[in-house]
Amino acid sequence: MNTTAVLDRDTEPTPTSSLASLASSAWSDFGCRVNALPPAELFERYERSRFLYPAKRARLAPYWPRILDNWQRARRAGELLHWVASYDEPDGGWASLTSWRSTHAGWQTQHLVSSGTLLGGRAVMLAAQAVRTAERQDVAQQNWFSPGNRFAALAFGGMADSLGPERSLVAAGDYVTVPLPLARTLGQGDEARGPGGDGARGLSRGGALGLSGDGALGLSRDGTRGLGRDGTRGLGGDGTRGRDRRPSRPVVELDGGACPELAELARHCRGEVYVRAEGLDRDDLRLDDVDRLYRLVGLRRYRRIWVQYDATGRLRAAALAYRGPLGFNFSFLENRCDLLVSPELEEPEARRAIDALIGAASAAYEDFEPGSVPVAAATPLDRLLLAGAERVRPYTRALWLAEAYSDLYQHIDSLYARRLRGRGQHPRRTP
C-alpha cells in the first residue's frame, strides 16, 4: 500500500451521513468511480507515484504483457471479479484502491495508492466498506501489508482493537519463493531416488503434473517425489540436504467436497475468521464455482489442497495451493501456497511435513511462469532460504468479516480524522 501525507485541496469527499445509511451507499456518494480507469492508465499512475518503483517494475517486466492482459480481462467482468475504486480531484490529485475475488465471497483488497491526497485515500477506503456493506454479498475481505508500512500498520494492523478477535484477524508471517526444482525434491532422502535418472516416482502416464481438469496427481503412496535431473536432494530434518532419511507420512490431495478435519486444523492454527474468509467451512474447496466466473473472461481461479495425516489418522498439516491470474497482486499472492501446520507437531516432524507438502504442491505450479512455488506461512521459513529459496518479504495479513465492515468504516474514518486534524483540517461531519 502507498500513501503520502499531503493535502491537495481543502474540501472533502462527502461521506454518508450516518452508519445506518451505509446500507444504501454508492461509490458516487464518496466522489468515487469504479472501474473507470483502464489498467494501462492505472499502472502509469502507479509508476508516477512510485508505488510501482523501478526495481519492482523490472522484476515484473518478463510478465508485464500477461499482467496487463489479465487486468484488462477482469475489467470486462465489471465488479464481479475485480474492482478499482478511484477518486480524482480538480487539481490533478488522485487516489485508488483495488480488490479482487479470492474465494466464493472473500475478497483481497489492496493497492491503496495516491498522489498524496489524504482526502482521496479516505474517500476510496470508506467507499469500499460502505458499498460492500450495501451489496450484502461478502463474507470477508483481507489485506496483506509489509510490517514496515506505517499507515497500513495503523489502518489494518490496529483494527483488531476496534473490531475484536471474533470478527477480525491480524497475523504476521513469512513469504518466500521456492524454485520448482527444489520444491519437487523437498523432503526426500536417498531412498526416494526414482528410476531412470530423472527421479520421477509415480507420475501420471504422461509424466506431467499440472493443471489438468481432474486434478490427478500421480504421486507415490508416501506422497514423495524423487531427485531432480540436477541431482539435488531434499532437506533433511536438520535443515541440511539428504541427512534425514525417515520417510514422510502420506500426503494426499483432497477432492472438492467439504472436509471438516481441514476446517478444524485451520481453526486450530489461525482461528474462525480465517476459516470463514477462506471458505474452508463449506464444500467446493477447489473453488470450482469461482473458477467458472473467471472463465467467463478467459481467466482461471482455483485451489488445490494437499494434507498430511499422523499415525492415528488425524489431519496435522496442509498446503493450500491457490492459482489465479498472474499479477493481480504484484507479489503474486494470488498464486500463493498457504501452509497450515499443527502447533502440536514437534519441530522435526513439522519440518518434514512442510517439505513433503511443498513437494506435493509443486504439481500445481508446473505452468507457473516464474518457475517457483510462492509459499506463505505463519512461521519464518529461514531453513528454505538456506536451501535456495528466496524471501519476498515478511507480510502481515489482516482479515475482517463482513459483519465488521461498519466498525472498520469507523476505524478508518477516525484514523483519517486524526491525520487530517494534524494538518489543520477537521476531516468529517459528525454522523
Side-chain angles (χ1 to χ4, degrees), residues 1 12-36 77-87 95-112 118-145 151-152 154-170 272-279 281-282 290 293 397-417 427-431:
M1 307 189 81
E12 57 172 315
T14 303
T16 54
S17 59
S18 70
L19 291 177
S21 62
L22 292 183
S24 59
S25 294
W27 296 105
S28 59
D29 293 337
F30 296 81
C32 298
R33 299 182 298 164
V34 64
N35 290 343
E79 297 176 59
L80 181 67
L81 304 178
H82 189 290
W83 54 259
V84 178
S86 58
Y87 178 84
S96 63
L97 180 72
T98 75
S99 189
W100 47 272
R101 186 186 296 271
S102 178
T103 58
H104 301 89
W107 291 75
Q108 182 155 329
T109 300
Q110 60 182 20
H111 294 185
L112 173 62
L118 289 177
L119 292 168
R122 172 177 170 267
V124 294
M125 288 280 281
L126 295 185
Q129 297 309 301
V131 172
R132 303 308 295 185
T133 298
E135 292 181 351
R136 299 177 182 271
Q137 296 182 8
D138 294 1
V139 168
Q141 293 184 44
Q142 62 181 283
N143 173 267
W144 296 58
F145 62 92
F151 178 80
L154 288 171
F156 297 105
M159 72 181 185
D161 292 338
S162 300
L163 276 57
E166 299 82 10
R167 300 182 301 162
S168 65
L169 171 67
V170 178
E272 183 66 24
V273 172
Y274 173 83
V275 171
R276 291 183 58 190
E278 297 297 348
D281 56 347
R282 53 168 294 164
V290 180
L293 296 178
R397 183 178 188 176
L399 305 97
W400 60 102
L401 299 178
E403 49 262 41
Y405 283 6
S406 61
D407 286 337
L408 183 64
Y409 179 103
Q410 289 182 300
H411 171 74
I412 295 298
D413 201 16
S414 296
L415 174 62
Y416 273 100
R428 63 184 175 99
R429 305 183 185 99
T430 301

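Just so it is clear, the structure is predicted and the values come from calculations on it, not from any experiment. Computation of the quantities below employed the complete heavy-atom set of this structure, encompassing side-chain atoms and omitting hydrogens, waters and symmetry-equivalent molecules.
Between the side chain of R276 and the backbone N or O of D281 there is no donor-acceptor pair closer than 3.5 Å. Of the possible polar contacts, one joining the S99 side chain to the Q108 backbone as a donor-acceptor pair under 3.5 Å is found. The backbone N or O of A398 sits nowhere less than 3.5 Å from a side-chain atom of N143 that would complete a donor-acceptor pair. Put simply, the side chain of S25 never gets that close to the backbone of A127: no donor and acceptor are under 3.5 Å apart. Judged by distance alone, the side chain of D138 and the main-chain N or O of A105 form no donor-acceptor pair under 3.5 Å.
The shortest distance between side-chain heavy atoms of D407 and S162 does not fall below 4.5 Å. The shortest distance between side-chain heavy atoms of L126 and Y416 does not fall below 4.5 Å. Considering only heavy atoms from C-beta on, W400 stays 4.5 Å or farther from H411 through its side chain. Proximity of H104 to V139: side-chain heavy atoms (C-beta onward) are nowhere separated by under 4.5 Å. Using a 4.5 Å heavy-atom threshold, the side chains of Q110 and W100 count as touching.
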- Could you walk me through whether F151 and L112 pass the side-chain contact (heavy atoms from CB on, under 4.5 Å) check? CA-CA 10 Å; F151 178 80; L112 173 62; 3.6 Å; yes

- Query: Is there a side-chain contact (heavy atoms from CB on, under 4.5 Å) between R122 and I412 once you walk through the steps?
  - Reply: CA-CA 8 Å; R122 172 177 170 267; I412 295 298; 5.8 Å; no

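A side-chain hydrogen bond (donor to acceptor under 3.5 Å, both in side chains) with Y405 is found for one member of R136, Q141, Q129 and no other, namely Q141.
In plain terms, the two heavy atoms of R167 and V273 that are nearest each other are C-CG2, 3.8 Å.
Separation of atoms CG (L154) and OG (S414) is listed at 12.5 Å; rounding is to 0.5 Å. Between E272 atom CD and L401 atom CG the span is 8.5 Å, to the nearest 0.5 Å.
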